[in-house]
Number of protein chains: 2
Amino acid sequence: MSKVDHLRNVPIFTDLSDSDLAKIADKMIPREYEKGQMILLEESQGETFFIITGGAVKVTRLSDDGREVILAILGESDFFGEMSLLDGEGRSANIVANEPARMLTLSRSDFLDCLESYPKIAIALLEELAIRLRKSDQQIESLSLSDSEQRIGITIVRLAEELGTIKQGHVTVQNLPFQQDIANMAGTSRETVSRTLKLLEDKALVKRDNRDLTIYNFDTFRQAFS
Amino acid sequence: MSKVDHLRNVPIFTDLSDSDLAKIADKMIPREYEKGQMILLEESQGETFFIITGGAVKVTRLSDDGREVILAILGESDFFGEMSLLDGEGRSANIVANEPARMLTLSRSDFLDCLESYPKIAIALLEELAIRLRKSDQQIESLSLSDSEQRIGITIVRLAEELGTIKQGHVTVQNLPFQQDIANMAGTSRETVSRTLKLLEDKALVKRDNRDLTIYNFDTFRQAFS
DNA sequence: TGAACTCTGTGACATTCGTCACAACAGGTT
DNA sequence: AACCTGTTGTGACGAATGTCACAGAGTTCA
């Protein structure tokens with residue numbers, strides 16, 4: 001798959017013509033990362049924009065005592081790095097490759113040039129940030145009001161929407177993240193995730209085997225947790 | 001103060017010339033709201049962009065059982081309503097006037113025209129959304145990792161930065177929001193806020209009289225809670 | 001001045017959930 | 001197989017904090 005093909009799948013670039021895409025693609029540099037490799041450190045200045053062309057990364061924040069919060073898990077055609085390019089602040093989050101991952105990168109100045117030259121990109125990016133803000137607000141609500149079972153349920157919905165595949169009416173997440181990661185997304189402990197998953201299985205809402213999780217009735221499931 | 005004067009104070013318009021500002025100002029319609037009045041309902045379609053020219057509003061989400069989460073308190077020169085204009089989704093939050101408030105409003109189509117015509121606005125808006133996203137991420141972290149005292153401390157920092165005034169080295173927040181509102185911002189209960197404020201006062205970190213709260217040493221205070 | 005509200009302070013209690021401890025299990029390597 | 005490492009399951013316990021109940025202050029309005 002060519003660079004341009006990858007770009008076409010990215011929401012903020014969909015409105016552009018092939019020739020414009022090609023111009024941008026020319027400026028992008030491919031990079032590869034191994035599983036577990038740090039892609040961006042919290043402290044460093046943000047100077048690069050990244051588009052994921054393969055694999056997955058997790059976006060985290062770390063507290064002083066080393067506990068981590070997972071803000072998002074991003075996969076193919078997602079992008080990141082735009083935040084500190086936009087407001088000039090340092091990074092607010094760490095990015096780690098969750099599995100072997102490939103990226104296309106764009107330098108700060110090329111990225112800002114794009115925004116100036118193609119207002120459509122700026123508007124599409126606004127849209128994307130609005131969506132993310134919305135999700136953040138939802139998560140703040142759920143962390144504030146819900147108990148751990150609810151929060152874990154919502155987290156599973158998020159994961160299913162991001163990573164799941166639909167097969168004869170029910171959604172399957174293959175290769176579910178570790179319980180520790182789910183806990184760090186849901187703002188709870190690993191043990192509570194373990195117990196809650198068992199609970200959900202007892203209630204016949206989900207089925208697990210190995211690293212796969214199947215949600216029997218996704219719509220009612222989502223209904224129940226939001 | 002004229003419309004244009006108000007607009008000049010709004011971050012996303014600062015880069016514009018007076019004549020451009022005047023053109024935009026012409027399209028804006030002033031509105032007034034009483035204390036407690038609903039400005040936007042969660043369910044309604046978003047069709048308007050608002051700039052606050054006086055007073056203050058709170059941005060909230062409500063759960064089914066009526067508990068509320070306060071996502072932000074906005075004051076003069078802040079704006080809202082852009083989210084659902086951008087991504088076309090319905091409102092994600094309610095907006096209520098916290099005190100008598102005045103606004104300038106812009107219709108959906110005029111707002112989008114502005115973005116197309118003045119790329120600088122789009123870029124400044126991107127910056128603003130990036131800042132908000134950053135704050136949301138911080139709050140998600142704090143809700144996930146911190147205990148109630150920390151969260152209340154952080155909430156007080158937020159309030160002080162938004163509403164506080166500096167007087168001979170220490171910051172005073174006049175007219176502190178009710179404990180119930182602080183609780184809804186910090187994701188805790190009203191009673192815990194009451195006890196924690198007393199605790200902070202016992203530790204000689206803050207002083208209260210009536211509705212005013214003074215933070216003796218703002219820098220160390222902020223340090224301690226983030 | 002009272003009366004009616006709204007907000008705040010505080011004790012008692014119940015519950016959720018994080019933490020610790022350890023066992024069971026899986027996958028990979030020798 | 002035996003071993004190691006990383007992951008998951010589960011019981012026991014205690015601390016943090018939400019909830020309930022009510023008293024005391026402070027405000028508003030007649």
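Bear in mind that the values here come from a model prediction, so they are computed numbers and not experimental data. A, B, ... follow the sequence lines: proteins, then strands. Residue 1 opens every chain.
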Could you check which of [options] has an atom nearest any side-chain atom of [X]?
X: B:S194; options: D:dT10, C:dT8, D:dT8; result: C:dT8
X: A:E191; options: C:dG9, C:dC20, C:dG18; result: C:dC20
X: A:R208; options: D:dG9, C:dT8, D:dT7; result: D:dG9
X: A:S189; options: D:dT8, C:dC7, C:dG18; result: C:dG18

Under 3.5 Å, is there a donor-acceptor pair between the side chain of [X] and the main chain of [Y]?
X: B:R151; Y: B:A186; value: yes
X: A:K3; Y: A:M28; value: yes
X: B:D212; Y: B:N175; value: yes

Atom of B:Y33, atom of B:M103 and distance for their closest heavy-atom approach:
CE1-CG, 3.5 Å
Starting at atom [atom1] of [X], determine the distance to atom [atom2] of [N], rounded to an integer number of angstrom.
X: B:R190; N: D:dT19; atom1: CZ; atom2: P; result: 12 Å
X: B:L197; N: C:dG9; atom1: CG; atom2: C1'; result: 11 Å
X: B:D65; N: D:dG18; atom1: CG; atom2: P; result: 15 Å
X: B:K198; N: C:dG11; atom1: NZ; atom2: C1'; result: 12 Å
X: B:Q179; N: D:dT19; atom1: CD; atom2: C1'; result: 16 Å
X: B:N210; N: C:dG9; atom1: CG; atom2: P; result: 12 Å

Please determine if A:R132 forms a cation-pi arrangement with A:F80, meaning its NZ or CZ atom is less than 6.0 Å from the six-membered ring centre and no more than 45° off the ring axis.
no
Assign each of A:R151 and B:P177 the nucleotide of DNA chain C bearing its closest heavy atom; nearer the 5' end lies the nucleotide of B:P177
Under 4.0 Å from OP1 or OP2 of [N]: is there any side-chain N or O of [X] that close?
X: B:R211; N: C:dT8; answer: yes
X: B:T188; N: D:dG18; answer: yes
X: B:T192; N: D:dG18; answer: yes

Give one of base, sugar-phosphate or nothing for A:D147, where a contact means two heavy atoms less than 4.0 Å apart.
sugar-phosphate
So what does B:S148 hit on the nucleic acid, given a heavy-atom distance under 4.0 Å: a base, only sugar-phosphate, or nothing?
sugar-phosphate
